[in-house]
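Remarks on the structure that follows.
Every chain is numbered from 1, with letters handed out A, B, ... down the list of sequences. Hydrogens, waters and symmetry mates play no part in the numbers below; they use all other heavy atoms, side chains included.
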Number of protein chains: 4
Amino acid sequence: MPKIVDSEQYRKEILYKCFDLFAEKGYANVTTRQLSKELGISTGAMYHYFPSKQALFEQLVEEVSMQEFQLFKTAARGHPLSERIQALEMLLIENEDHFIKQAAIWVDFYQHHEIAEINENPVFQKIDRRSQQEISEFLNLTDLKLARFIWTLINGILIEQLEDDGSFSFREQIHLLTQMLIAYFEKYSPD
Amino acid sequence: MPKIVDSEQYRKEILYKCFDLFAEKGYANVTTRQLSKELGISTGAMYHYFPSKQALFEQLVEEVSMQEFQLFKTAARGHPLSERIQALEMLLIENEDHFIKQAAIWVDFYQHHEIAEINENPVFQKIDRRSQQEISEFLNLTDLKLARFIWTLINGILIEQLEDDGSFSFREQIHLLTQMLIAYFEKYSPD
Amino acid sequence: MPKIVDSEQYRKEILYKCFDLFAEKGYANVTTRQLSKELGISTGAMYHYFPSKQALFEQLVEEVSMQEFQLFKTAARGHPLSERIQALEMLLIENEDHFIKQAAIWVDFYQHHEIAEINENPVFQKIDRRSQQEISEFLNLTDLKLARFIWTLINGILIEQLEDDGSFSFREQIHLLTQMLIAYFEKYSPD
Amino acid sequence: MPKIVDSEQYRKEILYKCFDLFAEKGYANVTTRQLSKELGISTGAMYHYFPSKQALFEQLVEEVSMQEFQLFKTAARGHPLSERIQALEMLLIENEDHFIKQAAIWVDFYQHHEIAEINENPVFQKIDRRSQQEISEFLNLTDLKLARFIWTLINGILIEQLEDDGSFSFREQIHLLTQMLIAYFEKYSPD
DNA sequence: AATGAATGAGGTTTCATTCAT
DNA sequence: TATGAATGAAACCTCATTCAT
């Protein structure tokens, strides 16, 4: 079924092309006309691949989350905790653009959906727990809350970058966080 | 001029009543009808007090920022850095609701305005630098970047609360951050 | 509550103004723009009174059916069956325009709704049984099927008028039907 | 020219497959995609056989009318009027499905075409007079208006069946009409 | 000051039709 | 011939804003 493969591939390409626009302006501030113009296709073609703007956005969230999952999975990890933290630092810096945009759409996603709605949908439920799982596995932390907390802090940095005036680089901030975490772990769980 | 005072007071009341709605759903997802219904007045009355939805929102951002400024100004501070950090912790926890909503509208604000637009507007310029100033003064930190960075991390926690499932309380997270900061300062600037 | 009265009145006026257009062209062939132009108001105003084109149409069906009910209720009846039939003839001829258009929207209505959908909705259920009730009461017939059958024949004549070339008038056709019915009743139930 | 014959045959098969859908939902409520799905071919293929949806529909009307013509032509007739009427009854009952659907598309056809348009098109003009001719010949009635009128009443019954709840069968209704006609003719032209 | 009906530009979506393959 | 992705005009509908009352 080569056609389905191609079509599926094309669907993903569309999603990634929309990623920028949604991340920068927010879901509600991007019109379908803008999207289709950006994609270089007609609005009709967009609706051939996605049943609605809402669905396109949700599939974007899903796809992007899956890609993030892959990033975590394939990244080098290191062994002592400090090295793992540095591996995380590297992963974030190397994929700065992805992570920043992902943080943006995630905030948007939550504003457009009731919590109940997310909790009822198995796909979103799964995605929603992703960061916690990914981070805790990546850092090999048994304390899931701590893992999630670290991701929360990272998220703060990512969102700060949306309001970027360039004066305080992502790299610098991530590095500072890294140092903070290392200091914390040295103090509380010196292994 | 009691009338003007009243009117000004009423304007502020309107702003605070809008705060919830904007924070929860986001600027673009709240209609003027929803707002006026929430406010218990007609859309016409709303337009009597504010020239546009956009202006209402901007004045909300301004007002809320000013209130935050007051919060920082009037809060007890303590003297060694660790005590100052704990004072910050208390300030945040006591005003949890305010800070969470404020973080939400701030993200929205950035998505609705070009960076250039903000930089050209003296009011927003001033607001934009607020947190850096407030935090650095509050913690008595000379390193402005560090102060801003701390605020960035706090922001991450605040935004996380928007997606709250209640399983990891604001109080806990802020406390964890506090410990992390103290560990960091102990290691790098032990005074 | 004079405002509600007026508004309700206006809603009905809108419905009757739409009656012609829907009857002549059919639901799907009339655009909301055409409707609002015909009504002399903006599309927005239309949506102020009716939540959707579909709802407008359904309320039209309901309203028109209720009016028909009134027509039957207030019409003179006569006493022997033959006189009652002639009263029906008169009622139809005097309200030719209403009945023809009503037949048209009724056909449309059925094409746009699943039978199940109609049967689940008490309002439509009620309307759906209207003709049978009205006719049987009007003609004082105990045989409900016969009453409904007569209405079915009348409906045939009404719909024929939609395709009118004017060569065979409604009045003539209704009169012919009347004679047929009288002949039938004379033969089968000579009272 | 066997190929053309096949192609012509295929064209007709397509038309009959569309018959159901158009009759049930109405021209405007059936999309070309639905049609092609129902037909089991692509939209492109449909457009190979018919230049437009409109043309397909018109050819359907034409084809179905021609078939009706054949039905009338080949049906047994009987000799006295009462027997002829019973022959008509039989013809209708044996082809119930065809006649019901045909009535449906005929109503649709009129809503989609201006009277003038029909009168200018010789094909439709011819079709339009069909029932009158067919019926008057079939019943051997010299009064053309009366023949057309009878068809009008039958049409009422056919359309009633579209809104069928199954409680009053086509067969019963046609039979009742037959009795009514016989009673009428007995009274007014007892031959 | 206050109301809320009215406006209409513009948003999302549909669908008859075309066309590269 | 056949496919079905692509087109884009036009449909339905929303909503910030205005204005008569």
Worksheet item: Is the NZ or CZ atom of C:Lys53 positioned over C:Tyr27's six-membered ring, under 6.0 angstrom from the centre and within 45° of the axis?
Response: yes

Practice prompt. State whether A:His48 places a side-chain N or O below 4.0 Å from either non-bridging phosphate oxygen (OP1 or OP2) of F:dA5.
Written response: yes

Item to complete: Please give the nucleotide sitting opposite E:dA1 as a Watson-Crick or G-U wobble pair, both distances under 3.5 Å, or none.
Response: none

Practice prompt. May I ask you to check whether A:Phe57 and A:Phe50 place their ring centres under 6.0 Å from each other?
Written response: no

Worksheet item: In terms of the nearest nucleotide of DNA chain E, which residue is placed more toward the 5' end: A:Tyr27 or D:Arg33?
Response: A:Tyr27

Item to complete: Could you tell me whether the side chains of D:Glu63 and D:Gln67 share a donor-acceptor contact shorter than 3.5 Å?
Response: no

Discussion item. Reading DNA chain F from 5' onward, which residue's closest nucleotide shows up sooner: D:Ala45 or C:Pro51?
Written reply: D:Ala45

Practice prompt. Under a 3.5 Å limit for both distances, which nucleotide forms a Watson-Crick or G-U wobble pair with E:dC15, could you say?
Written response: F:dG8

Discussion item. If you assign B:Ala28 and A:Thr43 each to the DNA chain F nucleotide with the nearest heavy atom, which residue ends up on the more 5' nucleotide?
Written reply: A:Thr43

Worksheet item: Within less than 4.0 Å of OP1 or OP2 of F:dC12, is there a side-chain N or O belonging to C:Thr32?
Response: yes

Worksheet item: Across all strands, who's sitting opposite E:dA20 as a Watson-Crick or G-U wobble pair, both distances under 3.5 Å?
Response: F:dT3

Response to the item:
Assign each of D:Lys53 and C:Gly40 the nucleotide of DNA chain E bearing its closest heavy atom; nearer the 5' end lies the nucleotide of C:Gly40

Item to complete: Return the value, rounded to whole Å, for the distance between atom NZ of B:Lys37 and atom P of E:dA5.
Response: 14 Å

Worksheet item: Mind checking the P distance from E:dA1 to F:dT21? Whole angstroms is fine.
Response: 22 Å

Worksheet entry | Protein-nucleotide distance (C:Phe57, atom CZ; F:dC12, atom P), rounded to Å | 13 Å

Worksheet item: Quick one: do the C:Glu58 and C:His113 side chains pair a donor with an acceptor below 3.5 Å?
Response: yes

Discussion item. Does the plane of the ring in A:Phe109 sit parallel, tilted or perpendicular to the ring in A:Trp106? Use 30° and 60° as the thresholds.
Written reply: parallel

Practice prompt. Quickly work out the B:Met46 CE to F:dA16 P distance and round it to whole Å.
Written response: 8 Å

Item to complete: Identify whether any heavy atom of C:Phe50 sits under 4.0 Å from a base atom; if not, whether one sits that close to sugar-phosphate; answer base, sugar-phosphate or nothing.
Response: nothing

Worksheet item: Does C:Tyr47 put a side-chain nitrogen or oxygen below 4.0 Å from OP1 or OP2 of F:dC15?
Response: no

